[in-house]
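Inspection log for the structure reproduced underneath, given as structure tokens.
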Amino acid sequence: MTDTSDTRPTEGETKTPRESRLHRLMHYLPLIAPFLLWAVPCWVIVHTGQHWPLPVTLAGTALFVLGLVGMPLAMVRGHGRRQQDRAAIIGDTLLGTSWVLFTWSVLLGLLLRLALTAAGVGESQDRARIVTWAVLGVTAVLLAWGHLEARRVPRVRRLDVQLPRLGPGLDGMRVVLITDTHYGPLDRARWSARVCETVNALEADLVCHTGDIADGTAERRRAQAAPLGTVRATRARVYVTGNHEYYSEAQGWIDLMDELGWEPLRNRHLLLERGGDTLVVAGVDDVTAESSGLTGHGADLARALTGADPHLPVLLLAHQPKFIDLAAAAGIDLQLSGHTHGGQIWPFHHLVRIDQPALAGLSHHGSRTLLYTSRGTGFWGPPFRLFAPSEITLLVLRSPRVSLGMTQ
């Protein structure tokens with residue numbers, strides 16, 4: 001492994017696309033979302049023809065009002081200046097619960113009611129109560145399953161990735177990607193250790209972490225992140241910052257990862273050599289770094305590639321998939337990203353796609369560039385994952401020249 005780039009990054013120039021009307025509308029979503037998330041389920045479950053006894057109606061309404069008021073307060077206390085973990089757990093759990101309730105209140109509240117009406121099932125009150133119990137039942141089952149999905153050690157996703165410029169000496173190089181571990185209010189030190197054991201079992205040449213290590217400072221989350229120091233790779237362990245590092249004293253995380261034996265690729269690159277062939281492994285700061293106010297932080301791809309032979313294949317670490325436009329313009333061979341969580345809780349992925357060009361998996365961009373977007377190793381905020389399973393990714397790099405030789 002050879003380090004060929006300057007370790008003193010400077011601010012890069014990142015073009016910010018003009019915001020669309022939809023993006024501008026998204027700015028107002030946090031203001032109206034809490035009301036919608038609680039008011040719609042309250043209306044569907046309690047007030048649309050069920051004719052519950054008055055004490056039941058009052059109690060049900062009071063619970064939804066309590067959620068509407070309590071969730072933002074807990075989120076502010078948990079994720080604001082006070083950083084109270086217990087409040088964060090309550091607020092995050094209420095957020096996930098309200099999202100699932102809202103989703104299935106809309107779907108079942110409309111579709112099931114129409115189906116029951118078309119089938120002539122019962123009176124109006126009977127149909128309304130069937131919808132209520134169906135929404136509550138589906139929500140309870142999905143939340144229980146989603147919590148188990150969020151807390152388990154991710155399954156390994158394996159795939160071969162052919163890079164046209166990869167030399168035959170690098171064929172079969174094993175690259176393991178973890179990302180978005182999001183160590184946070186829920187103590188997951190044991191989970192972290194088991195994730196690292198799984199990574200080590202894959203016998204990787206290169207292990208990559210593409211950011212969003214934690215929610216909180218390195219000092220607060222050190223115990224959960226410490227197992228990352230046990231990760232093994234035959235060539236290198238490399239890391240780039242995500243947007244959440246810039247909410248939590250990013251330099252502290254960069255220093256801790258360096259202390260744990262990982263190479264922070266802050267707008268620089270390394271060379272991995274094997275069998276007479278070379279791979280450039282580059283990394284850039286997250287696209288939000290420039291606006292963080294930290295001196296010298298900002299995504300700068302040109303600086304990351306300074307001194308690299310332009311004829312060599314390049315593997316780029318960039319936290320957000322949206323960096324792919326710059327990567328494709330520069331002729332990068334493969335970009336590894338996270339950030340999206342695959343949507344984490346269905347159908348949130350529709351909102352993710354507004355901001356990102358890819359949700360999960362391998363995609364092609366431009367004439368040469370591939371992007372692999374991981375669904376993430378951990379979870380952010382609500383301790384649930386629904387129809388967006390977490391992953392540890394094993395990418396086996398393949399050279400077409402080896403494949404061609406095998407067929408001749």
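Hydrogens, waters and symmetry mates play no part in the numbers below; they use all other heavy atoms, side chains included. The first residue of the sequence shown is numbered 1, and numbering continues consecutively from there.
Taken from NZ in Lys322 to OG1 in Thr373, the straight-line distance is 13.0 Å, to the nearest 0.5 Å. The distance from atom OG1 of Thr139 to atom CG of Leu108, rounded to the nearest 0.5 Å, is 8.0 Å.
Salt-bridge check for Asp85 with Arg221: passed, with a basic side-chain N closer than 4.0 Å to an acidic carboxylate O. A salt bridge links Asp171 with Arg398: at least one charged nitrogen is closer than 4.0 Å to a carboxylate oxygen. Salt-bridge formation is detected for the pair Arg268/Glu263: a Lys NZ or Arg NE/NH1/NH2 atom is positioned less than 4.0 Å from an Asp or Glu carboxylate oxygen. A salt bridge between Arg222 and Glu219 is absent, with no side-chain N of the basic residue lying under 4.0 Å from a carboxylate O of the acidic one. Looking at Arg232 and Glu197, no side-chain N of the basic residue comes within less than 4.0 Å of a carboxylate O on the acidic one, giving no salt bridge.
A donor-acceptor pair under 3.5 Å is formed between the side chain of Ser105 and the backbone N or O of Leu101. A donor-acceptor pair under 3.5 Å is absent between the side-chain atoms of Thr97 and the main chain of Leu94, judged by distance alone. Looking at Asn267, its side chain never comes within 3.5 Å of a backbone N or O of Ala304 through a donor-acceptor pair. Here the side chain of Ser292 pairs a donor or acceptor atom with the backbone of Leu294 at under 3.5 angstrom. At distances below 3.5 Å, at least one donor-acceptor pair connects side-chain atoms of Trp191 with backbone N or O atoms of Arg152. In this structure, the side chain of Gln50 engages the main chain of Thr48 through a donor-acceptor pair within 3.5 Å. Judged purely by atom type and a 3.5 angstrom limit, Thr340 has no side-chain atom pairing as donor or acceptor with the backbone of Gly343.
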ask   = Can Tyr246 and His297 be said to form a ring pair (Phe, Tyr, Trp, His ring centres under 6.0 Å), step by step?
value = CA-CA 10 Å; Tyr246 291 98; His297 287 251; 5.5 Å; yes
request  = Go through the steps for His341 and His182 under the test ring pair (Phe, Tyr, Trp, His ring centres under 6.0 Å), then give the verdict.
outcome  = CA-CA 11 Å; His341 299 204; His182 283 287; 5.0 Å; yes
key: Working for ring pair (Phe, Tyr, Trp, His ring centres under 6.0 Å), residues Trp43 and Phe64   = CA-CA 10 Å; Trp43 181 254; Phe64 282 102; over 10 Å; no
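Asp212 has its side chain out of reach of Trp380: every pair of non-hydrogen atoms, C-beta onward, lies at least 4.5 Å apart. Side-chain contact check for Leu370 versus Gln335: every heavy-atom pair is 4.5 Å or farther apart. Side-chain contact check for Thr241 versus Ile254: some heavy-atom pair is nearer than 4.5 Å. Using a 4.5 Å heavy-atom threshold, the side chains of Trp52 and His47 count as separate. Taking 4.5 Å as the limit, every side-chain heavy atom of Leu166 sits out of range of all side-chain heavy atoms of Asp277.
With no hydrogens or angles considered, a side-chain donor-acceptor pair links Glu245 and Tyr239 at under 3.5 Å.
Taking a 6.0 Å sphere around CD of Gln251, one finds it holds more than 12 heavy atoms contributed by other residues, nucleotides or ligands. Heavy-atom neighbours of Arg194 CZ from other residues, nucleotides or ligands within 6.0 Å: at or below the threshold of 12.
None of His319, His209, Arg375 except one satisfies the side chain to side chain contact (heavy atoms under 4.5 Å, CB included) rule with Asp180; the exception is His319. Considering Val281, Leu272, Val175 in turn, Leu272 is the only one that fulfils the side chain to side chain contact (heavy atoms under 4.5 Å, CB included) rule with Arg235.
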